[in-house]
Structure formats: C-alpha cells, structure tokens
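Worksheet for the structure shown next.
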Amino acid sequence: GRTQPAIQTYLAIPARAAGDPMTAAIATYRAGELLLRDHQVAPAWTALWRVVTDFPDEPIAADALRALLTDGRGRDARALADQVGQLLTPLAQTQVADNLLWSLADLSEHELANPAAARALYDRIPIDTPTSGLRDDARWHAARLSRLLGDPRGAALRLRALLATREVALGAGSYFSIWLDDAQLELGKVLRDDLGRSPRSS
C-alpha cells in the first residue's frame, strides 16, 4: 500500500536498466499506472507518453497508449487526438504505429464525430502496417463506416479485402479471422439491401 515509494522505485529503474529497454518500458508504464490511480494526472501522462515515444517497439507501448486513450477521451479528446496525430509520422516505422492509427480513428469516430476521418485512418492500418494484428479489425470497421457514410460499394470493397485474408492452416488449429463469418454475412446484406444484387451476381 505504499504507492509513492513504489512509483519512485519504478521511475528509478530505467536509469539502471541500460541496454534493457523492455524492463525500462515496463517500469515506466507501471509508474504511470500507479500515478494515474493516485490521481496524479500530469506526471502519469508524462510517464505513459514516455513509454510510447521512448520505447515504441516494446509491446507495453500499446498498453500505455490504451491507458492514455481510456483516461484522455473523457478529458480533452481534441487535445489527445492532436498529440496522437503528431506522432504518426515520427513513429511510422515502429511497432506502435498501428496502435496510434487505431487510437486516432477511435477518437475521430466517437469523440470528434468525424466518421470519414476515422475510416481513412482505419484504411491506413492494413496498408501502412500490413503485419499488424489490428488489420482485420480495421477493415471491418472501415467497411462498417463506409455503409454508415452511404458508400455501399466502399463497404463491399473492404469486406472483400477482409474475406481475401482467409487462410487454411496446414496443421491443427485455424488462421481464420474472427471477422470472416461476420464479413461474409455483412457483404451479403450490402449486396442485397444496398446494391440490389445477389452475392452470386456481384
């Protein structure tokens, strides 16, 4: 229950963890978490942003960004979106790049009420970060927003791109995206209800 000593200990670790970015990143993230729980918002955000900017290739950077998104969207979503947007280019070649795009798309749709911008950001994920674990989710949400924006052809295009990722495992298990069944059904609805065509005639 000694929160402040724990925070100070975590914050001291990176200076002693030279050559071990994973340990430094995790320690900084844990300090940020504790600071946030202790309602020390400014230092918490400083620590969490440091994880994202100083350790963008560590898996914990995505967790730090998620914590910032969860906390910041109810404070000043526009300012948070601006901060995320400023990092898209300098961190474009890092492992956290897809999470930055995802976070900005999420904010654009829900807090900033800009579905067109959100769709454009989701579209970038499979293109800019083709190995991202978020690429299928991004295609699904881009298709959903296309339909919302009155663009059924765009929705169908994105759903077909998602369905094209279908890959059969050579051994046990499956590589299938959790979105494949939903995407197949949604494509049928788009073709039938929005474009007036049957899937076979598409």
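Computed from a predicted model, the values in this text were never measured in an experiment.
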For residues 11-21, dump all side-chain donor-acceptor pairs below 3.5 Å to protein atoms at least two apart in sequence or in another chain.
from: Asp20; atom 1: OD1; to: Thr23; atom 2: N; distance (Å): 3.3
from: Asp20; atom 1: OD1; to: Thr23; atom 2: OG1; distance (Å): 3.3
from: Asp20; atom 1: OD2; to: Thr23; atom 2: OG1; distance (Å): 2.5

When you check the gap from the basic side-chain N to the acidic O, do Arg75 and Asp71 get nearer than 4.0 Å?
-> yes

CA sep, side-chain torsions, deciding dist, call: Arg119, Asp151, side-chain contact (heavy atoms from CB on, under 4.5 Å) = CA-CA 11 Å; Arg119 181 176 69 166; Asp151 180 17; 2.9 Å; yes

Salt bridge (charged side-chain N to carboxylate O under 4.0 Å, His left out) with Arg50: which residues, sequence neighbours excluded?
-> none

Aromatic ring centroids of Tyr122 and Trp102 under 6.0 Å?
-> yes

Using salt bridge (charged side-chain N to carboxylate O under 4.0 Å, His left out) as the criterion, list what pairs up with Arg73, not counting sequence neighbours.
-> Asp106, Glu111

Heavy-atom side-chain proximity of Trp140 to Leu162 below 4.5 angstrom | yes

In short, Leu104 meets Leu88 closest at the heavy-atom pair CD2-CD1, 3.7 Å

Looking at CG of Leu80 and OG of Ser103, how far apart are the two atoms once the value is rounded to the nearest 0.5 Å?
-> 8.0 Å

From His141 NE2 over to Ile125 CD1, what is the distance, rounded to the nearest 0.5 angstrom?
-> 9.5 Å

For Val51 and Ala25, the nearest pair of non-hydrogen atoms, with its separation, is CG2-O, 3.8 Å

Does the side chain of Val96 come within less than 4.5 Å of Glu58's, by heavy atoms?
-> no

Neighbour count above 12 (heavy atom, 6.0 Å) for Gln93 CD | no

Assess the side chains of Asp54 and Trp49: does a donor N or O sit below 3.5 Å from an acceptor N or O?
-> no

For the pair Asp193 and Lys189, find out whether any cationic side-chain nitrogen is under 4.0 Å from an anionic carboxylate oxygen.
-> no

How about Val190 and Arg153: do any of their side-chain heavy atoms sit closer than 4.5 Å?
-> no

Do Pro56 and Gln95 touch side chain to side chain, with heavy atoms closer than 4.5 Å?
-> no

Shortest non-hydrogen separation from Pro152 to Leu195 and the atoms involved = CG-CD2, 3.7 Å

Following the transitive rule for hydrophobic clusters with a side-chain heavy-atom cut-off under 4.5 Å over Ile, Leu, Val, Met, Phe, Trp and Tyr, establish whether Leu112 and Leu68 coincide in one cluster.
-> no

With sequence neighbours excluded, tell me which residues meet side chain to side chain contact (heavy atoms under 4.5 Å, CB included) with Pro59.
-> none

With rounding to the nearest 0.5 Å, note down the distance linking CG in Leu69 to CG in Leu48.
-> 12.0 Å

Between Arg139 and Asp123, is there a salt bridge with N-O shorter than 4.0 Å?
-> no

Rounded to the nearest 0.5 Å, how far does CD of Gln40 lie from CD of Gln4?
-> 5.0 Å

Is there a chain of hydrophobic side chains (I, L, V, M, F, W, Y, each step under 4.5 Å between heavy atoms) that links Leu107 to Leu148?
-> yes

Trp45 and Leu35, any side-chain heavy atoms less than 4.5 Å apart = no

Considering only heavy atoms from C-beta outward, does the side chain of Tyr29 approach that of Asp63 to under 4.5 Å?
-> yes

side-chain hydrogen bond (donor to acceptor under 3.5 Å, both in side chains) evaluation trace for Thr129 with Asp98 = CA-CA 6 Å; Thr129 57; Asp98 55 342; 4.9 Å; no

Got a sec, which residues hit salt bridge (charged side-chain N to carboxylate O under 4.0 Å, His left out) with Arg135, two or more places apart in sequence or on another chain?
-> none

Report yes if the side chains of Gln8 and Arg2 come closer than 4.5 Å at any heavy-atom pair, otherwise no.
-> no

From Arg124 atom CZ to Leu100 atom CG, the distance as rounded to the nearest 0.5 Å | 10.0 Å

Treating Ile, Leu, Val, Met, Phe, Trp and Tyr as nodes and any side-chain heavy-atom pair under 4.5 angstrom as an edge, say whether Tyr10 and Leu36 lie in one connected cluster.
-> no

For Asp137 and Gly133, which heavy atoms make the closest approach, and how far apart are they?
-> OD1-O, 3.5 Å

What are the two closest non-hydrogen atoms of Pro115 and Leu149, and how far apart are they?
-> CG-CD2, 3.8 Å

Return the minimal non-hydrogen interatomic distance between Ala118 and Leu145, and the atom names on each side.
-> CB-CD1, 3.8 Å

Answer whether the closest heavy-atom distance between the side chains of Val52 and Leu91 falls below 4.5 Å.
-> yes

Sequence neighbours left out, what passes salt bridge (charged side-chain N to carboxylate O under 4.0 Å, His left out) with Arg78? Give chain and number order.
-> none

From Arg37 atom CZ to Ile7 atom CD1, the distance as rounded to the nearest 0.5 Å = 10.0 Å

